[in-house]
Protein chains: 2
Amino acid sequence: MRDHDTEQTPGPGRARRADAERTVRAILAAAERVLSQEPGATMERIAAEAGVARTTVHRRFASREDLVSSLTVLAAQQLEAAVLAGRPDSAPPLVALHEVTAHVLRIKRTWRFAMGVRSDHPEVVRVHTDTRARCVTLFRRARDAGAVRPDVDPDWASRVYYGLIHAAAEDLAEEPAPAELDAAAARVVDTLLTGLGAGDRTTHRAD
Amino acid sequence: MRDHDTEQTPGPGRARRADAERTVRAILAAAERVLSQEPGATMERIAAEAGVARTTVHRRFASREDLVSSLTVLAAQQLEAAVLAGRPDSAPPLVALHEVTAHVLRIKRTWRFAMGVRSDHPEVVRVHTDTRARCVTLFRRARDAGAVRPDVDPDWASRVYYGLIHAAAEDLAEEPAPAELDAAAARVVDTLLTGLGAGDRTTHRAD
DNA sequence: ACTAGTTGCTACAGGAATGTAGCAACTATG
DNA sequence: CATAGTTGCTACATTCCTGTAGCAACTAGT
């Protein structure tokens, strides 16, 4: 089990001291900032951004791979929390869609780099699988509620949804205000459901 | 002007020999294949994929940066050709939209890595600027033709369009048949214009 | 066939990044 | 206050990658 631990802990049963915990957080946050702008940045650069010595980074993360891995796990956990906060399984479909979107947009913006890395860490895989499933379920509920066309492929719907979120996250500020998040989420949901076409929905199907 | 030349040429006025030309193409194609799966891959790895010696790669491309730069330029040129092949400025808006989408999907799939790199090479910047402009113009024409809602922000429309193309390109085979491309393009355009929502376009706006 | 371009191979130099070790100074925690 | 964890610093080993050079064998273009 210890194989899956990415961060280094002092002793077998020992807990980390509070300041060390803070250091770890600082390093992860710094790594996200630096790597999102320069994916190949060195440990030196990350350490500097975090305000610690390079050796300290190596004390907490055995290798560069470990650091990135921890980063993806952290982002995945944040993502899961954001999705769950939107109550995708219990709230009315369209309400849930809006809430989930707003929450995910914030996380996606904050952990831009980490969310873009394909990780095979079991925890990350689990979260992505679960999230995908929740997404499909949500669209199914929306369909049953008559909000989504019956013939829409859930897989395609998910892809489109992810794509729209990605697009919307692009032009968000680094720390968007709640109002901005709401507006962006509304735009995403609106585009997702009605598209950009004019009123007549059959116009372009004439051919 | 020689500063902007990425590939190395033998003499001032001399043309490259045919076999050398083939080698350059092979290296670029190999680089795309390798880097799309492993962005940090070494020159050694790329050379092996291309079936040439590592030193030969360095003969044709002064540095790793040069290689990637050439790759982005090549991809940009392919993209421009693909867009123009769709006659975005002259064909009927919805026809053009469909044609451009199909052509771009193929290129996007083939040059997955190169299209994802942010390059500041003047040629790449030019193509992206022009393409963006053509995209906006196309949407404006579509709007004037009554195919797109009048209140849609062209910038957002472009982002959504790019996002959908990206999403659609994800689940395309490596070498998709024309029929697959057409189907994928149709799905993109349909989703773009009508979204995934049910018939009643005002349902989700009730709140 | 002749010429000049092209390539594989080997060898080498240099740099950059990674990862480790030890020690002194500091600090959270009880 | 005493203990043990934490960190900065310096130093070092090592590995990996990049980029260059020279030479012999091969080959396209004429």
Side-chain angles (χ1 to χ4, degrees), chain A residues 2-3 5-71 113 117, chain B residues 2-3 5-31 33-35 37-71 113 117:
Chain A
R2 189 141 295 278
D3 306 56
D5 282 342
T6 48
E7 301 168 17
Q8 293 177 328
T9 50
R14 287 272 195 295
R16 245 196 313 254
R17 232 169 63 178
D19 52 351
E21 197 66 41
R22 247 179 292 136
T23 301
V24 170
R25 300 281 182 170
I27 293 173
L28 286 170
E32 166 58 40
R33 281 196 301 273
V34 171
L35 294 178
S36 66
Q37 292 206 346
E38 191 185 340
T42 67
M43 302 289 269
E44 177 77 47
R45 179 75 188 79
I46 295 171
E49 176 75 17
V52 300
R54 184 178 64 91
T55 50
T56 298
V57 177
H58 278 109
R59 278 199 195 92
R60 297 303 162 196
F61 303 93
S63 66
R64 179 196 190 77
E65 195 183 348
D66 261 19
L67 174 57
V68 174
S69 181
S70 292
L71 204 52
F113 168 79
V117 177
Chain B
R2 187 143 296 277
D3 306 54
D5 282 343
T6 49
E7 301 168 18
Q8 293 179 326
T9 50
R14 287 273 195 296
R16 239 193 321 247
R17 231 169 62 178
D19 51 351
E21 196 66 42
R22 247 177 293 135
T23 301
V24 170
R25 299 282 185 169
I27 293 173
L28 287 170
R33 281 196 299 275
V34 171
L35 294 177
Q37 292 206 346
E38 191 185 339
T42 66
M43 302 289 269
E44 176 76 50
R45 177 77 188 78
I46 295 172
E49 177 74 18
V52 299
R54 184 177 64 91
T55 49
T56 298
V57 177
H58 278 110
R59 277 199 195 92
R60 297 304 163 194
F61 303 93
S63 66
R64 179 197 189 76
E65 194 183 349
D66 261 19
L67 174 56
V68 174
S69 181
S70 292
L71 204 53
F113 168 79
V117 178

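In what follows, every heavy atom counts, from backbone to side chain, and hydrogens, waters and symmetry copies are set aside. Letters A, B, ... are given to chains in the order of the sequence lines, protein chains preceding strands, and every chain is numbered from 1. Everything quoted here is computed from the prediction, not taken from an experiment.
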Residues that B:Glu49 engages under side chain to side chain donor-acceptor pair (under 3.5 Å), provided they are two or more places apart: B:Arg33
Let's see if you can work this out: which of D:dA28, C:dG19, C:dT29 has an atom nearest to the side-chain heavy atoms of B:Ala18? D:dA28
Whole-Å distance separating the [atom1] atom of [X] from the [atom2] atom of [N]:
| X | N | atom1 | atom2 | result |
| --- | --- | --- | --- | --- |
| A:Phe61 | C:dT18 | CZ | P | 14 Å |
| A:Arg45 | C:dT18 | CZ | P | 13 Å |
| B:Met43 | D:dT20 | CE | C1' | 13 Å |
| A:Arg17 | D:dT6 | CZ | C1' | 5 Å |
| B:Arg16 | C:dG5 | CZ | P | 14 Å |
| B:His58 | C:dT6 | NE2 | P | 18 Å |

Nucleotide by nucleotide, 5' to 3', does protein get under 4.0 Å of the base (B), only the sugar-phosphate (S), or neither (-) in nucleotides 7-13 of chain C, counting heavy atoms? BBBB---
Using the closest heavy atom to pick a nucleotide of DNA chain D for each, name whichever of B:Arg22 or B:Glu65 lands nearer the 5' end. B:Glu65
Do [X] and [Y] make a side-chain contact, defined as non-hydrogen atoms from C-beta onward lying under 4.5 Å apart?
| X | Y | result |
| --- | --- | --- |
| A:Phe61 | A:Leu71 | no |
| A:Val24 | A:Arg16 | yes |
| A:His58 | A:Thr55 | no |

Under the side chain to side chain donor-acceptor pair (under 3.5 Å) definition, can you give me all pairs with a residue in residues 37-48 of chain B, not counting sequence neighbours? none
OP1 or OP2 of D:dT18 sitting under 4.0 Å from any side-chain N/O of B:Arg64? yes
Minimal heavy-atom distance between B:Leu67 and B:Ala31, with the atoms involved, is CD2-CB, 4.2 Å
